[in-house]
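Just passing along the structure, written as structure tokens.
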Amino acid sequence: MMPCGGGHSNPSRSQPAAQKMAAHGVAVASPRTPSPASPFLITEAPPALDRGGGIRPRQSGPAVASPSVSVVFPGAVSRESCCRFACELLKHVLHQRHQLPLPYEQLAYFCRRTAQDGDVIKKPPSVDLAGKRCQQVLMELEGVLHHLEVMFSLTMVPRVLILLGGNVMSPKELYELNLEGICEGSAEESLKTASCVRKLFHSLFVADVFSELKALPVMSTVVMLQGHRDCGVDWFRPKLNYKVPTRGRKLTVNLSCDGGINISALPPQRVTSAWEDYVWFQAPVTLKGFHE
């Protein structure tokens, strides 16, 4: 990410859970008709530079589909917007890959409603247990989201990884947010965050990258991201020798900026060689999904 660089859901998948939540007075979104395959979808990504390791080798044997979605913003983007992209993508992936029974905002509303009604209405043990599990998952997720905001405030973050299942070296699914092409500007000279988030998720919906995937069982999710080695963060754990896995299903979301940006009006750019001072950090919390 050069200093010159929400989530939505698939309601058709969450309809059974949504019907349950409706009984508690929770508004749920209407189903969306799946869109056809998009030109945004690339069946195989080209070799990419892996800082400290040269070109990342491709897996030998049959080629594994590695879809990619690219989004170009027509202007500079603030660092706060980049943080929002990472947080919204994390919430979106967790719901789309069946680790949350409802979109994050609806689930948070349901849990708050359940907690408020807890002292008034006596619930069956199974319902009470589901409510406690929901609150636990949301508490852990909100903690990760908070620390992502702290990390983005301390350093530029060129790449974010969301790892589902397996372990950090060999996950079942990997979602990468690549912010290296983002031109970072101040809040005054940057595009509005809300419009950028809408553009990002419109591209994801058009690409339709989740509709053909099989449902996943409940599994663990780990968040990793790159930051400056001397950024001073004390919650994320540095992983100096970490290499991005080449196995498993991977989706890369590439974000960049265009539109005749006035480079001279922005802070001095970091040269590519400076990326060697950026290392991987891992969240010390493993997010556990749950089903209704």
Side-chain angles (χ1 to χ4, degrees), residues 6-21 28-29 31-35 37-38 41 43 45 59 62-69 86-108 110-111 129-130 132-145 148 160-177 200-201 204-205 207-225 244-253 282-283 285-292:
H8 298 260
S9 65
N10 186 347
S12 61
R13 201 269 303 163
S14 61
Q15 191 170 9
Q19 292 174 347
K20 294 182 181 180
M21 301 308 175
V28 296
R32 181 179 63 87
T33 303
S35 58
S38 162
L41 201 59
T43 56
Q59 181 180 352
V64 177
S66 182
S68 171
V69 176
C87 292
E88 295 300 324
L89 183 63
L90 173 59
K91 293 185 287 188
H92 185 64
V93 168
L94 288 174
H95 174 54
Q96 291 290 336
R97 300 312 291 132
H98 311 273
Q99 303 308 299
L100 296 178
L102 286 173
Y104 169 80
E105 284 74 16
Q106 292 185 17
L107 194 62
F110 166 72
C111 286
L129 178 60
K132 291 180 179 179
R133 289 171 57 201
C134 173
Q135 293 173 10
Q136 178 66 26
V137 169
L138 286 179
M139 183 176 64
E140 293 174 351
L141 177 54
E142 287 167 357
V144 171
L145 297 175
L148 279 173
V160 180
L161 299 180
I162 302 170
L163 310 169
L164 269 65
N167 54 61
V168 296
M169 301 305 298
S170 182
K172 292 186 180 298
E173 294 185 2
L174 184 156
Y175 298 85
E176 176 177 352
L177 179 65
L200 167 61
F201 280 94
L204 287 173
F205 286 144
D208 203 20
V209 293
F210 294 100
S211 64
E212 300 300 324
L213 301 180
K214 295 181 179 179
L216 289 178
V218 170
M219 56 178 57
S220 61
T221 300
V222 176
V223 176
M224 299 190 68
L225 71 172
V244 178
T246 57
R247 296 178 178 271
R249 182 190 181 278
K250 179 179 179 181
L251 170 68
T252 302
V253 180
Q282 178 179 338
V285 173
T286 298
L287 300 173
K288 301 287 188 181
F290 83 102
H291 292 168
E292 276 294 315

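All values derive from a computational prediction rather than experimental measurement.
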query: What closest approach, in Å, do A86 and V160 show between heavy atoms, and which atom pair accounts for it?
result: CB-CG2, 4.2 Å
- prompt: Which heavy atom in L141 sits nearest to a heavy atom in L90, and how many Å separate them?
  reply: CD1-CD2, 3.9 Å
- request: Measure the CG-CG distance between L213 and D208 for me, rounded to the nearest 0.5 Å.
  value: 9.5 Å
field: Test item: L148 and L225 side chains (from C-beta on) under 4.5 Å apart, heavy atoms
entry: yes
- request: May I ask you to decide if P217's main-chain N or O and Q99's side chain share a donor-acceptor pair within less than 3.5 Å?
  value: yes
query: Roughly how far, to the nearest 0.5 Å, is the CD atom of Q136 from the CD atom of E140?
result: 4.5 Å
task: For the residue pair V209 and Y175, establish whether any side-chain heavy-atom pair is separated by less than 4.5 Å.
output: no
query: What closest approach, in Å, do F110 and C134 show between heavy atoms, and which atom pair accounts for it?
result: CD2-SG, 4.4 Å
Within-4.5 Å side-chain heavy-atom neighbours: V93 and L164: yes
- prompt: Mind checking what makes side chain to side chain contact (heavy atoms under 4.5 Å, CB included) contact with K288, not counting sequence neighbours?
  reply: S220, T286
Contacts of type side chain to side chain donor-acceptor pair (under 3.5 Å), residue Q282, not counting sequence neighbours: none
- line: Here the gap from L138 atom CG to R133 atom CZ, rounded to the nearest 0.5 Å, amounts to 12.0 Å
Distance in Å, M219 CE paired with H98 NE2, rounded so as to fall on 0.5 Å steps: 10.5 Å
message: Give me the atom names and distance for the closest heavy-atom approach of N167 to S170.
response: OD1-N, 2.7 Å
- request: To the nearest 0.5 angstrom, please state how far the OG1 atom of T221 sits from the CD1 atom of I162.
  value: 8.5 Å
- request: Quickly, which of R97, K250, R249 forms a side chain to side chain donor-acceptor pair (under 3.5 Å) with E173? Name it, please.
  value: R97
message: Within the structure provided, determine whether L100 and K91 are in side-chain contact (heavy-atom separation under 4.5 Å).
response: no
- prompt: CG of L89 to CG of L251: how many Å apart, nearest 0.5 Å?
  reply: 8.0 Å
